[in-house]
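The chains referred to below are lettered A, B, ... by the order of the sequence lines, with proteins before strands, and numbering in each begins at 1.
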Amino acid sequence: MHRWSELFIPTLREAPADAEVASHKFLVRAGYIRQLAAGLYSYLFLGNRSFNKIMGIVREEMDKIGQEFYLPALHPRELWEASGRWELMGDNLFRLKDRKGADLCLGMTHEEVMTDIASKELRSYKQLPQIWYQIQSKFRDEPRPRSGLLRVRQFIMKDSYSFDIDAAGLDVSYKKHYETYRRILDRCGLKYMVVEADSGAMGGKESHEFMVRTPAGEDLIVSCESCDYAANMEKAASKLAGVEDLTLEGGGEPLEVHTPGMKTIEDVARFLGVSPKNKIKTLAYMAEEKEAKTGKTKLRAVVVLIRGDHQLNEAKFAAAVGGKQTRPMQEDEIKQLFRSPAGFLGPIGIEWAADMKDGALPLLLVDKALEGRKNLISGANKEDYHLKNVTPGHNFRPTAYADLRAVAAGEGCPNCGEPLRIDTAVEIGHIFKLGYRYSESMGARVLDRNGKEVTLIMGCYGIGIERILTAAVEQSNDENGFWLPPSIAPFEIVVCPVNVKDETLLKAAVDIATRLEADGFDVLLDDRDERPGVKFKDADLVGIPFRVTVGKKVTEGTVEVVQRSTRQIQDASIAAITDYFKVLRPAR
RNA sequence: CGGGGCGUAGCGCAGCCUGGUAGCGCACCUGCCUUGGGCGCAGGGGGUCGUAGGUUCAAAUCCUAUCGCCCCGACCA
């Protein structure tokens, strides 16, 4: 039996000054974790117990679809060079040398190791499909660790990798993970959303993120309350209300208007008596391309046009230019291309590349919200002048139309048209179809049924163990502490004799705890010789979902069962005490 | 990497401006007392003031450098 008096549960009355978010404050105060250095935390008894429960659930569910491995955290440089990530990961990768001077790194994920095994061992299509997973520590030299356990430099991740012979097989592996992730998060008692996500430059077609809404989150998700549409901000789309175009003025050609000192969209729109929706916002960037052979950096101008009242979504933009590094143009670069100061930029009078591959000419990317619009107002590339009657496709030719704008709250859902909301959220899990990214570069191939060599198609799937606990705390806390879903709480019930010097109370409490334990519940007996107030405060703080208070009423054969989340108190018969916790054992 | 803030006892903080023997609350130890929401009384232990250098008769305090931590931004398979 776990007796509080013998355990190390260092609760604090006050949170450390440098804790900002609720989960950080409470996990420290409740004695779950202690900080060792920036982004590095020690998990104490309660924290470790909770993580073990989470990993237990993950393992149980993953074992239904895959096989658990244990892999090195220390990887040789050659492995990461084979995938190209030794270079690509830059400072995010922890690097070190062994005594012989050989380069090693601490794994931030295990694509390389898993693919290495696959490439060496898998020979035939008959061995496929395979799903391999591991639950281990990952290391990332984050530029800025923050928010307690939310963004750290060492953390535990369940990651799995699927190997299939073809895309249809990958679809099956992907779907298995999707369903398994739902089961895991359901069992962990989290309220979460599944959103369509950007697979990034890693080159996958399909990707979903499992997100938990919380103000502490670092990601933005767009969702519809009327239907089940939900997407990562980087991927989200929306329906726009129709906009009335301006009527043509003069002879139909672009018409210069004097707009002295009017540099912002707002200024110009107000000055000309039109809506920003009829204005083109011109943004100028430089894309940096590294030439593979020479290592030289090539610059290419990229101009983005979006509607005056819209914002550019950087991730969509990055995707549109094929993942190249981009940065805003500097003043002299703007001068050179537009021959105009910023504030009066526009697409007319410049020769644009006809397609993305086309050599040296600047690219003109136009947001889809401008496609088909007429008689817009843009900068004239001349100080203090703008142009009326500007129609995309007619007065200038875009290199490409693309979805580039950031969705805003209140815009229409792409599925049902109802207003969208935007929330911050924490990413708990991410599944995506990797494709051939690693199998190709690392030579993971098998023979198919025709004896032909085929490159394996892969998927990868991650779950952040710490983030499950963190999100649960963020989701359920009040001024006194937090409460966890029973499935991931370090204990399910804390039995709390009000006065341990009273032999009757203590004996009754020990008896109750023993019986609950015999019935398979995780019980903590608070046998500390403390005043009841202290014990109640601690019980409220440490995240245990139920409390049994053993007080004077034992003489009548009664104790109190307190539900932490609702503060609901009910008298319970000692004789039938286990009945009150049947709710903790729902049929699975 | 850019901007801002903070390092004084286990935790939370004051003292620094105006240099002169380092303090408060909580926690901890001992005793008494108390026992349904962080109780009371008495006694006690614990600090190279992040580190290094400088100024000064004298530095937690002034100056310089450096390290660490937090926040905002950039970044984030």
Side-chain angles (χ1 to χ4, degrees), chain A residues 8 10-21 24-25 28-29 31 34-40 80 83-85 88-93 107-112 114 138-148 150-153 155 157 159 161 197-204 207 209 216-219 232 234 314-315 318 323 325-328 426-427 429-432 434 437-438 458-462 464 479-481 496-502 505-506 526 528-541 547-554 559-560 562 567 569:
Chain A
F8 181 60
T11 59
L12 298 175
R13 193 181 292 224
E14 285 171 289
D18 51 20
E20 281 298 294
V21 301
H24 187 193
K25 286 181 186 164
V28 172
R29 279 191 58 200
R34 284 295 184 264
Q35 184 174 32
L36 181 65
L40 298 174
W80 283 67
S83 70
R85 293 209 299 175
L88 190 71
M89 293 327 309
D91 290 337
N92 276 345
L93 192 62
M108 48 198 299
T109 59
H110 282 72
E111 277 87 354
E112 283 79 2
M114 287 286 197
K138 310 283 166 177
F139 302 85
R140 291 184 194 178
D141 196 356
E142 288 287 343
R144 186 151 89 81
R146 74 186 106 175
S147 306
L150 274 184
R151 182 162 290 277
V152 289
R153 295 194 290 175
F155 56 97
M157 186 160 117
D159 56 333
Y161 303 89
D198 186 33
S199 46
M202 297 316 285
S207 175
E209 285 172 340
E218 299 178 312
D219 293 319
N232 188 306
E234 297 166 1
E314 303 272 349
Q325 284 281 330
T326 58
R327 58 165 174 83
V426 173
E427 179 186 348
H430 194 169
I431 58 180
F432 70 101
L434 266 181
R437 166 76 174 79
Y438 295 89
M458 294 174 58
C460 79
Y461 319 87
E479 65 281 3
N480 294 309
C496 190
V498 149
N499 178 3
V500 295
K501 292 236 173 83
D502 183 329
L505 292 190
L506 182 59
D526 188 356
R528 293 175 300 167
D529 182 14
E530 288 286 354
R531 296 178 58 82
V534 174
K535 294 164 79 158
F536 293 160
K537 286 285 184 194
D538 272 347
D540 285 350
L541 174 63
R547 182 177 95 207
V548 174
T549 309
V550 182
K552 288 195 191 88
K553 281 180 280 189
V554 284
V559 291
E560 281 169 9
V562 185
R567 286 291 165 94
I569 301 174

Separation of [X] atom [atom1] from [N] atom [atom2], in whole Å?
{"X": "A:Asp91", "N": "B:rC75", "atom1": "CG", "atom2": "P", "value": "15 Å"}
{"X": "A:Arg547", "N": "B:rG36", "atom1": "CZ", "atom2": "P", "value": "13 Å"}
{"X": "A:Arg531", "N": "B:rC32", "atom1": "CZ", "atom2": "P", "value": "17 Å"}
{"X": "A:Arg13", "N": "B:rC24", "atom1": "CZ", "atom2": "P", "value": "18 Å"}
{"X": "A:Asn499", "N": "B:rC33", "atom1": "CG", "atom2": "P", "value": "14 Å"}
{"X": "A:Arg153", "N": "B:rC69", "atom1": "CZ", "atom2": "C1'", "value": "11 Å"}
{"X": "A:Glu20", "N": "B:rC70", "atom1": "CD", "atom2": "C1'", "value": "7 Å"}
{"X": "A:Asp529", "N": "B:rC32", "atom1": "CG", "atom2": "C1'", "value": "14 Å"}

When rounded to the nearest Å, what value does the distance between [atom1] atoms of [N] and [M] take?
{"N": "B:rC69", "M": "B:rA27", "atom1": "P", "answer": "30 Å"}
{"N": "B:rC28", "M": "B:rC11", "atom1": "P", "answer": "15 Å"}
{"N": "B:rC26", "M": "B:rC17", "atom1": "C1'", "answer": "29 Å"}
{"N": "B:rA58", "M": "B:rG44", "atom1": "P", "answer": "35 Å"}
{"N": "B:rC32", "M": "B:rG37", "atom1": "C1'", "answer": "24 Å"}
{"N": "B:rC62", "M": "B:rG20", "atom1": "C1'", "answer": "14 Å"}
{"N": "B:rC71", "M": "B:rC13", "atom1": "P", "answer": "15 Å"}
{"N": "B:rG15", "M": "B:rU55", "atom1": "P", "answer": "29 Å"}

Please determine whether the number of non-hydrogen atoms from other residues, nucleotides or ligands lying under 6.0 Å from atom CG of A:Asp18 exceeds 12. yes
Strictly below 4.0 Å: does A:Lys501 bring a side-chain N or O up to OP1 or OP2 of B:rU35?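 Negative; the distance criterion is not met.
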Compute whether any side-chain donor of one residue and acceptor of the other, for A:His430 and A:Ser207, lie under 3.5 angstrom apart.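 Note: A:His430 and A:Ser207 side chains meet the donor-acceptor criterion.
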Closest to the [X] side chain: [options]?
{"X": "A:Arg151", "options": "B:rG12, B:rC39, B:rC76", "result": "B:rC76"}
{"X": "A:Lys537", "options": "B:rC69, B:rG38, B:rG36", "result": "B:rG38"}
{"X": "A:Arg29", "options": "B:rC76, B:rG38, B:rG36", "result": "B:rG38"}
{"X": "A:Gln35", "options": "B:rC70, B:rG12, B:rU35", "result": "B:rC70"}

Looking at [N], which nucleotide sits across from it as a Watson-Crick or G-U wobble partner, both distances under 3.5 angstrom, or is there none?
{"N": "B:rU48", "value": "none"}
{"N": "B:rC6", "value": "B:rG68"}
{"N": "B:rC75", "value": "none"}
{"N": "B:rU56", "value": "none"}
{"N": "B:rC16", "value": "none"}
{"N": "B:rG40", "value": "B:rC32"}
{"N": "B:rG25", "value": "B:rC11"}

Kindly compute the distance separating [atom1] ([X]) from [atom2] ([Y]), expressed to the nearest 0.5 Å.
{"X": "A:Cys496", "Y": "A:Lys535", "atom1": "SG", "atom2": "NZ", "answer": "5.0 Å"}
{"X": "A:Arg144", "Y": "A:Arg151", "atom1": "CZ", "atom2": "CZ", "answer": "9.5 Å"}
{"X": "A:Arg437", "Y": "A:Arg85", "atom1": "CZ", "atom2": "CZ", "answer": "6.5 Å"}
{"X": "A:Leu506", "Y": "A:Asp529", "atom1": "CG", "atom2": "CG", "answer": "10.0 Å"}

If you restrict it to nitrogen or oxygen atoms, what contacts under 3.5 Å exist between nucleotides 72-74 of chain B and the protein, and what is each distance?
| unit_1 | atom_1 | unit_2 | atom_2 | d |
| --- | --- | --- | --- | --- |
| B:rC72 | OP2 | A:Arg144 | NH1 | 3.2 |
| B:rC72 | OP2 | A:Arg144 | NH2 | 2.8 |

5'-most contact on RNA chain B: A:Ile569 or A:Asn92, nearest heavy atom basis? A:Ile569
Closest nucleotide of RNA chain B for A:Gly148 versus for A:Phe155: which of these residues is on the 5' side? A:Gly148
Who pairs with A:Tyr461 by ring-ring contact (aromatic ring centres under 6.0 Å, His included), at least two apart in sequence or on another chain?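 Once residues adjacent in sequence are excluded, the partners of A:Tyr461 under the ring-ring contact (aromatic ring centres under 6.0 Å, His included) criterion are A:His177.
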Cation-pi check for A:Phe139 against A:Arg153: NZ or CZ below 6.0 Å from the six-membered ring centre and within 45 degrees of the axis, yes or no?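 No cation-pi geometry.
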By the 4.0 Å heavy-atom rule, please label [X] as base, sugar-phosphate, or nothing.
{"X": "A:Pro497", "answer": "nothing"}
{"X": "A:Asp502", "answer": "nothing"}
{"X": "A:Ala37", "answer": "sugar-phosphate"}

Ion pair check, A:Arg567 and A:Asp540, cut-off under 4.0 Å: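 Looking at A:Arg567 and A:Asp540, the cut-off is met.
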Ionic contact status for A:Glu560 with A:Lys553, cut-off 4.0 Å: yes
Hey, does A:Lys138 have a side-chain heavy atom less than 4.5 Å from the side chain of A:His110?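 Yes, at least one pair of side-chain atoms sits under 4.5 Å.
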Just the atom pairs and distances: protein N or O near nucleotides 43-50 of chain B's N or O, under 3.5 Å.
none

Heavy-atom pair with the smallest gap, counting every atom of A:Asn232 and A:Ala197: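 That closest heavy-atom pairing would be CB-CA, 4.0 Å.
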Got a donor-acceptor pair under 3.5 Å from the side chain of A:Glu560 to the base of B:rG36? yes
